[in-house]
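Naming convention: chains lettered A, B, ... in sequence-line order (proteins, then strands); numbering from 1 in each chain. The figures here come from the full heavy-atom set of this structure, side chains too, leaving out hydrogens, waters and symmetry mates.
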Number of protein chains: 2
Amino acid sequence: MASANSTAQRVTIRDVASVAGVSTATVSKVLNDRPDVGPEVRQRVLDTIARLGYRPNAVARGLRARHTDTIAILTDDLEGIFTNALMRGVEDAASAYDVSVLLANSYGDPDRERKHLRRLLDRQMDGLIIMSGNRVRPRSGPALPLPATPYVFLYEYAATEPVPSILPDDRGGAVLAAQHLLDIGRRRIGFINGPASWEATADRLDGLTATLAAAGAPLRPALIRHAASWSPQDGYALATELLDAPEPPDAIFGASDDLATGALAAIHERGLRIPEDVAVVGFDDRSLAVHQRPPLTTVALPLLEMGRVAGQRLLEAVNGGQQRHELIRVPCELRVRASTVGAGHTPR
Amino acid sequence: MASANSTAQRVTIRDVASVAGVSTATVSKVLNDRPDVGPEVRQRVLDTIARLGYRPNAVARGLRARHTDTIAILTDDLEGIFTNALMRGVEDAASAYDVSVLLANSYGDPDRERKHLRRLLDRQMDGLIIMSGNRVRPRSGPALPLPATPYVFLYEYAATEPVPSILPDDRGGAVLAAQHLLDIGRRRIGFINGPASWEATADRLDGLTATLAAAGAPLRPALIRHAASWSPQDGYALATELLDAPEPPDAIFGASDDLATGALAAIHERGLRIPEDVAVVGFDDRSLAVHQRPPLTTVALPLLEMGRVAGQRLLEAVNGGQQRHELIRVPCELRVRASTVGAGHTPR
DNA sequence: CTGAAAGCGCTTACAG
DNA sequence: CTGAAAGCGCTTACAG
């Protein structure tokens, strides 16, 4: 691919050197804040740089210095529901280090992953973030061996790889929700969990179960449901079952905001008050949560923070830090809103 | 930022040359598919490359060849509702050219935009896509002059810049919806438009008005509403107004899927049948549309295609093509579902 | 058809 | 403290 970019002659380090009357080595030292340059020479160089509007060529620097100050995100789903927030976290962390972020989409296809990895390696990436945009799950190692390039997994993990995986603390998130419901005096808590095939499902059930048991209000098997999908429709149907049971719950915890939204509708339909009769908590804190009636209390997935941690961990490794296999669980946060604590809400 | 990547000595073009018994110039020619290499020499070099597992260093190539085969997306909102699909389109187009995509997020802040632009220029990007993740709107030129680097705008435009802007054909999308409703025999069409401050709002109203007028069934002022937001809540409230009017509509066109969803709820609540009594059409084709009851007929925003067109146009310019100021409107597509054509749907 | 030489724009020991 | 020289790994005229 040829380039059309060469109208004005670019200013190079040689131009700066000759105008300032020094060597390029000296200019380079000033550029890189080396101590071994005299104060007045340094100032003269600095002035010349400013006057000529000189900007170092990052490609040349990269070739010589053997690092590009660039990391790549390789995702399996660029349109995954959580992809953006994760990427933003990574971009935040990278920006703070003045590192750029390259984007590659494998569509979850190992062949594409391999191709992208090859290209990324050719481009001398300093490090890689291999991420899923969908859900926590185990995967095999990179489709191409990466002997000399640090990498981390984000929102997925590989049991065999000697690198960190950044994951949400789903179990801890459920603990927060459970504790909150206990705190507001609920004891008959209904749980609408997600599909059993997701890891988050087991983790969240575990956190809820343990917390309620510890509080002496164990989760009743009759009040647990597993949805076939994470959709509001399923939430509606299963909440209806719970509400129609002989001993209906005084709170419903949905394992996703969508499930909880369906529960909201079912409760409204029965003319029950939220939160007085039934409190509702969701999970994820997607933007729809705050727009519900009443606004939905929910457990926020720490996506931004996960992205940041991934970026930081990677950059530490790029700078020489040791990596090892570890699962880093980033804590969730409870967002308390009117569906559990509030002015009370009657059906419209 | 120092690098930790130097375990195994990398294979260079010199290694290939010496093993194959030729000069590096010859290897380079083979690499770049130049015609002036003898067939048996070419084969020998190819074999050596394969045997040594040689991969050209893209950074060195970039320095010498003066292009990096990399473009950047500079977005004002990495979590915008349409950002992903647009980016995926760009990534698709770039991948086809074997070009990589760098990602930068300005948060809509001119200072950050300038900083990113500077960094991107330092990194010798071949071209830039400056995009909005939110909505079509005019903006000023790049926060930094880009005299030697091609760029295009995506989902936003700048009146003064001599480059293309890629936009959705909102007007044409409304024409499709209107024509469809006419085709299924509707004549009293209600329109719930979005907030007046959005350009899409005027464009869609225009397309609808023109199409209905041309068909001899002009849009009745009494059946037009402007929502204060794009939310389902507003759609619900305004659809209720329309349905309670003396001459209620036999179809409702919502300027977003969310608005249309609210209309669905209002129609259900009145015990009316969809589409028999009232047909409903949305706009955007977000994933929720297909999950409605009944599934929502809607006008799909051509986000992927817009991203692809942006990528292609940019890459053409990078390869020397002329750029000029133009607004490229990518056609929307109608997705016909049961809310306008179907088995009929009674309230649940 | 092939290769020696120069050079892309920097940084890095090293000598003084 | 400063600079001459070498070199990062390629590609590009150019000579033969």
- Query: Taking NZ, NE, NH1 and NH2 as the nitrogens, is one of them in Arg44(A) or Asp47(A) under 4.0 Å from a carboxylate oxygen of the other?
  - Reply: no
- Message: In whole Å, I'd like the distance from the OH atom of Tyr54(A) to the C1' atom of dG9(C).
- Response: 7 Å
- Message: Any non-hydrogen side-chain atom of Arg139(A) less than 4.5 Å from a side-chain atom of Phe153(A)?
- Response: yes
- Interatomic distance, Asp36(A) CG vs dT11(C) C1' [rounded to whole Å]: 12 Å
- Can you find a donor-acceptor N/O pair under 3.5 angstrom joining the side chain of Arg64(B) to the base of dG9(D)? no
- Task: Determine yes or no for a side-chain-to-main-chain donor-acceptor pair under 3.5 angstrom, with Thr83(B) supplying the side chain and Asp77(B) the backbone.
- Result: yes
- Query: What nucleotide, of dA4(D), dT11(C), dG3(C), holds the atom closest to the side chain of Ser28(A)?
  - Reply: dT11(C)
- Message: Taking any heavy-atom pair under 4.0 Å as a contact, classify Arg34(A): base, sugar-phosphate, or nothing.
- Response: sugar-phosphate
- Query: Out of dG3(D), dC10(D), dC8(D), which has the shortest distance to the side chain of Ser23(A)?
  - Reply: dG3(D)
- Message: So, OP1 or OP2 of dC10(C): does either fall under 4.0 Å of a side-chain N or O from Thr24(A)?
- Response: no
- Item | Nearest-nucleotide pick for Val41(B), side chain only, options being dT11(D), dT12(C), dT2(C) | dT2(C)
- Query: Contact class for Val22(B) vs. all strands (heavy atom < 4.0 Å): base, sugar-phosphate, or nothing?
  - Reply: sugar-phosphate
- Can you tell me the distance, in whole Å, between the CZ atom of Arg42(B) and the P atom of dG3(C)? 14 Å
- Base, sugar-phosphate, or nothing: which does Asn57(A) touch, judged by heavy atoms less than 4.0 Å apart? sugar-phosphate
- Between CG of Leu63(B) and P of dT12(D) the distance, given in whole Å, is 12 Å
- Query: Expressed in angstrom and rounded to an integer, what is the separation of Lys29(A) atom NZ from dC14(C) atom C1'?
  - Reply: 10 Å
- With respect to the phosphate group of dG9(D), does any side-chain polar atom (N or O) of Thr12(B) fall under 4.0 Å of OP1 or OP2? no
- Closer than 4.0 Å, any side-chain N/O of Arg55(A) to the OP1 or OP2 of dG9(C)? no
- Heavy-atom check, side chain of Tyr151(A) versus side chain of Glu161(A), under 4.5 Å: yes
- Message: Output the rounded distance in Å from CG (Asp15(B)) to C1' (dG9(D)).
- Response: 11 Å
- For the side chain of Ala25(A), starting at C-beta, report the closest nucleotide among dT11(C), dG3(D), dC8(D). dG3(D)
- Under 4.0 Å: is that the gap between some side-chain N or O of Arg66(A) and OP1 or OP2 of dG9(D)? yes
- Sort out for me which residue in Leu74(A), Thr149(A), Ile71(A) forms a side chain to side chain contact (heavy atoms under 4.5 Å, CB included) with Leu128(A). Thr149(A)
